[in-house]
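First the structure, in the form of structure tokens, and then the observations on it.
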2 protein chains.
Amino acid sequence: MFIIGELINGMYLSIAKAIKEKNKEVIQKCALDQIACGADALDLNCGPASKNPTADIQWLVEVIQEVTDKTLVLDSSKPQVIDAGLRVMKNKVMINSTTADPQKLAIMIPLANQHNAKLIGLAIDAKGIPQNKDQRLELAATIVSACSESGFPIEELYLDPIVLPVNLGQAQMKDILEAIRDFKIISEPQPKTVIGLSNVSQGSSFRSLINRMFLVMAVGYGLDAAILDPTDKELMDSLITAELILNKQIYCDSYLDAYRKK
Amino acid sequence: MFIIGELINGMYLSIAKAIKEKNKEVIQKCALDQIACGADALDLNCGPASKNPTADIQWLVEVIQEVTDKTLVLDSSKPQVIDAGLRVMKNKVMINSTTADPQKLAIMIPLANQHNAKLIGLAIDAKGIPQNKDQRLELAATIVSACSESGFPIEELYLDPIVLPVNLGQAQMKDILEAIRDFKIISEPQPKTVIGLSNVSQGSSFRSLINRMFLVMAVGYGLDAAILDPTDKELMDSLITAELILNKQIYCDSYLDAYRKK
């Protein structure tokens, strides 16, 4: 599982404050904490309060590159913010995200190609959130097809089925899980899959429990990557155990420790 | 999920002692505790130490019927023990189990038919434990076919893929999960599926965590029933949440309590 730490996001007040005050210690500590807990990559999102997101994303990239060479994930719906982040990027990079809209694809795929970036493709377009598995597959196929036409390597494409909060989208949860499985049959080579996990428990009680259970089921359906809170120890224990069951790491009695020492 | 409590089993010393001393309070308390925690049925196994398993299973059935009318699951590889239990059975009943061996099927299916019993069919035969998904499907198909020929209702058949301990059978875990899914395509009407959960963590550290994660993935693959310890609260919380995600109960903020009050 490719684990993308979600915590450097301006929707969290402490991060918004650190971005505003250019307090790099807070950001660097948040980066290193997530990496220590198992993050393979770090999502960077300036948040809704940022008045100058192109400058803020560049500052985030620069201060985090001082302390890690892990993959950085530029998270914005605005192409100019992604572009700004890419200009100062030295680490490996992932673009989060394009939608299935032709005008978005026409901007984001060339950017990803130009910077050898991985790309997250959301199964959504201007018509809004898909209502079932077939709509998800159709949107995903649109993205795959646009990537193929532009010579973007499909193994570097991470399709996101759009996870809904279980308290609103309960009837669609099984479709979302099956979309994770079925995205793989859209093309050969296969695209990868990713979810933004925490959304599943938005507004619910027992958030951590719901996150854990959805993640484990998604792993069972073949999920490749997740944006999540790697400092949630129970979540990481669940993920490590799910991957153990699927034979993705060799069993030993102290497999939780062994994973963390890797 | 049809939850079968596993605790009335003579392999546990306290149960073996209660059976030997005919201490019905211990057995009745164990039955009621499991039901209070959510068991829909109770597995009854006299254990390896029983010198007179036909008499012992009858005693178990009789003392448990005094306190509950839940389904009782007669758990023995010996047809004469199953037969003895059936003779004193007033509750609904499930036979645990037949294998795919012709001589076992020839005894167990008529017994199940005669007593309107549900039947657990193990994907195993005299050749031993199956080595992959295809062998599991072949064994399951043999059982389904024998049931069909004898007029046993396939909806009452619970196919068990044989869960191996993860520390020994790690390479087969995914096959076992996929067998749970694919058993459904053997016939129409579909057979049901069941697992003996605790075996997955036999000999491992972190038993409860491994049980939870395997169960949740199995639920994601469509599992219908499980033999497990319903007094493991974290296990039950996980199961309830997994079923919530799959839309098998309506979301409410207190969904864990709501499930338990049902």
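Keep in mind the model is a prediction, meaning the values are calculated, not measured. Letters go in sequence order (proteins before strands), and every chain restarts at 1.
Within residues 171-185 of chain A, the residues having any heavy atom closer than 4.5 Å to a heavy atom of chain B are A/Ala171, A/Met173, A/Lys174, A/Leu177, A/Arg181, listed by residue number. For residues 220-233 of chain A, heavy-atom neighbours of chain B at less than 4.5 Å comprise A/Gly220, A/Tyr221, sorted by residue number.
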For B/Met217 and A/Leu246, run side-chain contact (heavy atoms from CB on, under 4.5 Å): C-alpha distance rounded to whole Å, both residues' side-chain angles, the deciding distance at 0.1 Å, then the answer.
CA-CA 10 Å; B/Met217 284 201 274; A/Leu246 293 180; 4.2 Å; yes

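Separating the OG1 atom in B/Thr241 from the CD1 atom in A/Ile210 is a distance of 6.0 Å, to the nearest 0.5 Å. Put simply, CD1 on A/Ile250 and CG on B/Asn167 are 14.0 Å apart, with the number rounded to the nearest 0.5 Å.
In this structure, the side chain of B/Ser205 does not engage the main chain of A/Ser254 through any donor-acceptor pair within 3.5 Å.
Taking 4.5 Å as the limit, some side-chain heavy atom of B/Leu256 sits within range of a side-chain heavy atom of A/Phe206. Under the 4.5 Å side-chain criterion, counting only non-hydrogen atoms from C-beta, A/Met213 is not in contact with B/Glu243.
Note: B/Asp253 leads B/Val219, B/Val200, B/Asp253 in heavy-atom pairs under 4.5 Å with chain A.
Pairing each heavy atom of B/Asn247 with each of A/Gln170, the nearest pair is OD1-CD, 3.3 Å. Here the closest heavy-atom approach between residue A/Ile245 and residue B/Val166 is recorded as CA-CG2, 4.2 Å.
One side chain, B/Ser204 or A/Tyr251, offers a donor N or O that lies under 3.5 Å from an acceptor on the other.
More than 12 heavy atoms of other residues, nucleotides or ligands shown are found within 6.0 angstrom of NZ on A/Lys248. Other residues, nucleotides and ligands place no more than 12 heavy atoms under 6.0 Å from the CD atom of B/Glu138.
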